[in-house]
Amino acid sequence: MSSQSLSEAAGVSKAWPFEEARKLIARLATANKDEVVFETGYGPSGLPHIGTFGEVARTTMVRHAFRVLTGDTVKTRLIAFSDDMDGLRKTPDNIPNRELVSQHLGKPLTRVPDPFGEYPSFAAHNNAMLRRFLDRFGFDYEFMSSTEAYTSGRFDAALLRALERFDEIQAIMLPSLREERAATYSPFLPIHPVTGVVMQAPVLAHDAKAGTIAWRDPDSGETYETPVTGGRCKLQWKPDWAMRWCALGVDYEMAGKDLIDSVKLSSRIARALGGEPPAGFNYELFLDENGQKISKSRGNGLTIEEWLTYASPESLSQFMFQKPSAAKRLYFDVIPRTVDDYLGFLEAYPDQPWKERLGNPVWHIHSGEPPQPEALEHGDGRTSVSFAMLLNLAAVANSDNPAVLWGFLRRYAPDASPENHPRLDSLVRYAVAYFRDFVAPKKRYRLADAVEREALAAVSAKLGELPASASAETVQHALYDIARPIPRYQDLKAKGATPERPGVSNDFFNMVYAVLLGEERGPRLGSFIALYGLAETRALIDRALAGELVGAG
RNA sequence: GAGCGCGUAGCUCAAUAGGUAGAGCAUCUGACUUUUAAUCAGAGGGUCGUGGGUUCGAUUCCCACCGCGCUCACCA
């Protein structure tokens, strides 16, 4: 496992981050640059979502693969670019103070007040949300504000170049637009000197030498001559993207498949500006359970908060690593499987040769340093605990208390604890959350009839007599002895059963599950009661007999 | 109209360097604690969408076709 074999394996790895990184190396060979810039962009709404995570996570994987391929001899940067100079198109539905915001329609988001009253502007609020989001996952990035880049003059040279190539840009853009739109299209959008609105007005004239455009305000009829520099104009989206690539020297940017045409147009514009469009690829979109595109407005699919309620960020990275070029359905059911995929890869990693390690998602997820897998030690071996198993266990334990699950785990591995298995503990907590939200609400309790009430009362009385520390075995036998005399539950066909000492049929236990747990099946009752607590079980029986569970279920 | 993705076991999906198809769940069988599986062992089940081509050999590469679905064509 020398570093030699790592770099050899990296050179031929078929894992997609390496394939992407190789595109960059090829690009670098002709570009004569000493650093590589990765970019991810964010629209005006700025609110981070699961796709935001995916794009940054995937870009970070390519960046890391590139660093390994080049032996970290080339500087890399990841720019998180916020389009906060875009005009506010419509008032969002999900904000307070909508009337305040609606007075500023059309202005750059950095000049719209923050409806939440916490930041100097709406854009500042959204940008803060974005950064908090990215920081939460520990992404390494440089934040960049479009407004700041424009007003600081950082884009000035590229803007003047764009003005110079005005006609070339129009020649690229106009054929892609409908006739009526093409008639008024301008790559430059002046900021109205009086109202501050981002104007979509036809350009009457452009003067590359003076660095200005002339345009007419359609409302007042007044004409203005506005410099394209210093934040007094911004560019329309596709030219904007192209200009930014050139100004910032962006080498790599990926985008969703819905942007294929935009990437093509922006790339042509970038060449017209004398630049080379970045490498990158178009990833497939995420679909919901029914194969529909996930959209925030429709609220289908899965949100990142939902994912992180039931599984770790690493498992989400695992999902994002898998085949970006294939459409993936992203809905609740994929979580447990993805988590277990991740755990499986984590477990396989230490024993793999480099060639396979570099194709192993956990190498990419953890930037080449995946953590040790956590397994339970028991007897002569180690057992890894899968998420599916924990979900099952949570249902069996019928508890949303992690300590109860740990009680079951400790029966298996007495030395295990949340302290010495922290990641397993978080897995337990996720499983419990799943139980609480998806299993518990589906419980359907039923009322006990006269015979069942009597049996349960007898169980409760018996539990009252036993010491609180009674073993699972003791409780189990006590249950048999209670059910045995009841004709309804006698089973003469049970193994070892005699007419004098009949066996106990499943019906007894099924009754307990249905009445006490609201389930058709359940845990081995002796074990369950011993762990759940004798007093707690008696309280549960009291509630069941009082009919409280039926209402609650 | 343009650009994609996907068609593999009943279901959900794998198969990263062409070489006799795998997993999980489901189903069935057996063992075991006098019920219930965080148990163990095993079984069944697929002409890898259709038809061609390249090859000693194709689920894999190429072409065509069929089916399902998505995206774009207003704005970002």
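Note on naming: letters A, B, ... go to the chains in the order of the sequence lines (proteins, then strands), and numbering restarts at 1 for each one. Only this structure's heavy atoms are used, side chains among them; waters, hydrogens and symmetry mates stay out.
For the pair His477(A) NE2 and rU33(B) P, the interatomic distance rounds to 12 Å; values are reported in whole Å. Across the protein-nucleic acid pair, Trp237(A) atom CH2 and rC75(B) atom C1' stand 10 Å apart, rounded to whole Å. Protein atom NZ of Lys238(A) is 7 Å distant from nucleotide atom P of rA73(B), rounded to whole Å. Regarding Arg181(A), its CZ atom lies at a distance of 14 Å from the C1' atom of rA73(B), rounded to whole Å. One interatomic measurement links the two molecules: NZ of Lys90(A) to C1' of rC75(B), which rounds to 10 Å at whole-angstrom precision. Here the P atom of nucleotide rG69(B) and the CG atom of Asp258(A) are 20 Å apart, to the nearest Å. In this structure, the CE atom of Met511(A) is 17 Å from the P atom of rU36(B), given to the nearest Å. The interatomic distance linking Asp340(A) (CG) with rA38(B) (P) rounds to 16 Å, in whole Å.
Tested against Asp86(A), the residues Lys107(A), Lys234(A), Arg111(A) include a single salt bridge (Lys or Arg N to Asp or Glu O under 4.0 Å) partner, Lys234(A).
Figure legend: Arg58(A) and Phe321(A) shown without cation-pi pairing, the cationic atom not lying both under 6.0 angstrom from the six-membered ring centre and within 45 degrees of its axis. With a 6.0 Å cutoff to the six-membered ring centre and a 45° limit on the axis angle, Arg357(A) counts as a cation-pi contact of Tyr349(A).
Contact annotation for Leu259(A): base contact, defined as any heavy-atom pair under 4.0 Å involving a base atom.
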| task | Report, as a single string ordered 5' to 3', how protein heavy atoms within less than 4.0 Å touch nucleotides 2-17 of chain B: B base, S sugar-phosphate only, - not at all. | result | -BBS------SS--SS

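Two residues are said to be in side-chain contact when any heavy atoms from C-beta on lie closer than 4.5 Å; Ile50(A) and Met320(A) meet this criterion.
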| Stepwise, does the salt bridge (charged side-chain N to carboxylate O under 4.0 Å, His left out) test hold for Arg488(A) with Glu454(A)? | CA-CA 12 Å; Arg488(A) 182 189 287 187; Glu454(A) 201 176 325; over 6 Å; no

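On the C1' atoms, rU8(B) is 26 Å away from rG3(B), given to the nearest whole Å.
Checking side-chain atoms of Glu284(A) against main-chain N and O of Pro324(A) turns up no donor-acceptor pair under 3.5 Å.
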